[in-house]
Amino acid sequence: MMQQPPPGGVAPPSSMTNDPSQTQQYQQQPQSQPWMMTSQQQQAGQPVPPPAGWNPQPVPPPSQMQQYSAGSAATGSGEIRSLWIGDLQPWMDENYIISIFAQTGEVVSTKVIRNKQTGLSEGYGFIEFVSRAAAERVLQSYNGLPMPSAEQVFRLNWAALGYGEKRQEEGPEYTIFVGDLAADVSDYMLQETFKAVYPSVKGAKVVTDRTTGRSKGYGFVKFGDESEQIRSMTEMNGMYCSNRAMRIGPAASKKPATDQQYPKGHQEALILGGLELISAEMIPL
DNA sequence: GGTGAGCGC
């Protein structure tokens, strides 16, 4: 039950990833990757350099690093310039995060959320940038890439909740279940794979084991358009994402989307005062 | 292998 903490030294990043399927294909070659066909905005200025090797520095005790309060990310203008980062290992502290993004020169602060009682990391944190554009550049370029000294990839997203403004609420969502995912498929890769075919795709999520950061081999894709969701279930079934054919199925809805269907197909609710309505179709013989 | 989770602890 040991994970491998980098004890101040360089942890062997991929000592056990000899799996040929683990090739770093999802790295820096946008034009050659089908799922990246949508070159996100031309990054004004210089693109964010890929995380090279992170230089492990002596890790100060947690007690010394409580000062990063990212606090109100939405100031004045109300623009969101913070990212949420998840799947953090217990040893991934503020310094680790800062080291990674320091080269952008645009990080204002970072904060790892810890349990009040135990002081242990809750596995997620926040990174505040000088501007929304800066945050977006990092979101687009780092998401899905391998994290330094770890055998997992970055899981980044906008820090949205709690700061009003900008929240979704763009209508119902239709989700599908996607199984048989290759081990290297990330949220972003999965999303782009579908978005390339279905414009209404809103997002995708690969389920991972929080303690290892490894994919559990399945995930979900959300659509804004129901017809696309339905079509995708047949059209994308068996299609490849990375090096494995996906298996698609309906998702057990977890979020009641606006107009939830009746769980069992019962129509009891239709008893609007007239038993006549309940005709033969309701009564299985 | 299989129907998530993760928003300021």
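Here is how names work: the chains are called A, B, and so on, in the same order as the sequence lines, proteins then strands, and each is numbered from 1.
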> Does the base of B:dG6 carry an N or O that pairs as donor and acceptor with the side chain of A:Lys205 under 3.5 Å?
Replying inline: yes

> Base, sugar-phosphate alone, or nothing: which one does A:Thr118 contact when heavy atoms must sit under 4.0 Å apart?
Replying inline: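 The residue A:Thr118 makes no contact with any strand.
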
> Just checking A:Ser121: base, sugar-phosphate only, or nothing, at a heavy-atom cut-off of under 4.0 Å?
Replying inline: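 Here A:Ser121 touches no strand at all.
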
Take atom [atom1] of [X] and atom [atom2] of [N], then tell me their distance rounded to the nearest Å.
X        : N     : atom1 : atom2 : result
A:Leu156 : B:dG6 : CG    : C1'   : 12 Å
A:Ile80  : B:dC7 : CD1   : P     : 15 Å
A:Asn115 : B:dG6 : CG    : C1'   : 16 Å
A:Asp209 : B:dT3 : CG    : P     : 14 Å
A:Leu88  : B:dA5 : CG    : P     : 16 Å
A:Phe220 : B:dG4 : CZ    : P     : 6 Å
A:Glu173 : B:dA5 : CD    : P     : 17 Å
A:Phe154 : B:dG6 : CZ    : P     : 19 Å

When you measure from the side chain of [X], which nucleotide among [options] comes out closest?
X        : options             : result
A:Trp84  : B:dG2, B:dG8, B:dC7 : B:dC7
A:Lys111 : B:dG4, B:dG6, B:dG8 : B:dG8
A:Ala159 : B:dC7, B:dG6, B:dC9 : B:dC7
A:Lys216 : B:dG1, B:dG4, B:dC7 : B:dG1

> Under 6.0 Å between the ring centres of A:Phe223 and A:Tyr174?
Replying inline: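 That pair fails the under 6.0 Å test.
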
>> Reading DNA chain B from 5' onward, which residue's closest nucleotide shows up sooner: A:Thr208 or A:Asp180?
In response: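 On the 5' side of the pair lies A:Asp180.
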
> Taking for each residue the nucleotide of DNA chain B bearing the nearest heavy atom, is the 5' side occupied by A:Glu122 or by A:Val207?
Replying inline: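 It is A:Val207 whose nearest nucleotide is closer to the 5' end.
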
> Any cation-pi pair here, A:Arg132 with A:Trp158, using under 6.0 Å and within 45°?
Replying inline: yes

>> Would the distance check show the side chain of A:Asp209 and the main-chain N or O of A:Arg214 forming a donor-acceptor pair, the cut-off being under 3.5 Å?
In response: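 Not confirmed, A:Asp209 side chain does not pair with A:Arg214 backbone.
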
>> Using only atom types and a distance under 3.5 Å, with no angle test, would you say the side chain of A:Glu94 pairs donor to acceptor with the backbone of A:Val112?
In response: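 It does hold such a pair.
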
>> Other members of the hydrophobic cluster containing A:Tyr218, with the 4.5 Å side-chain heavy-atom rule, please.
In response: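 Besides A:Tyr218, the cluster holds A:Phe177, A:Val207, A:Phe220.
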
>> When you compare the ring of A:Tyr218 with the six-membered ring of B:dG1's base, are the centres less than 5.5 Å apart and the planes under 30° from each other?
In response: no

> For B:dG4, does the glycosidic angle fall within 90° of 0 (syn) or outside that (anti)?
Replying inline: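 You should classify B:dG4 as syn.
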
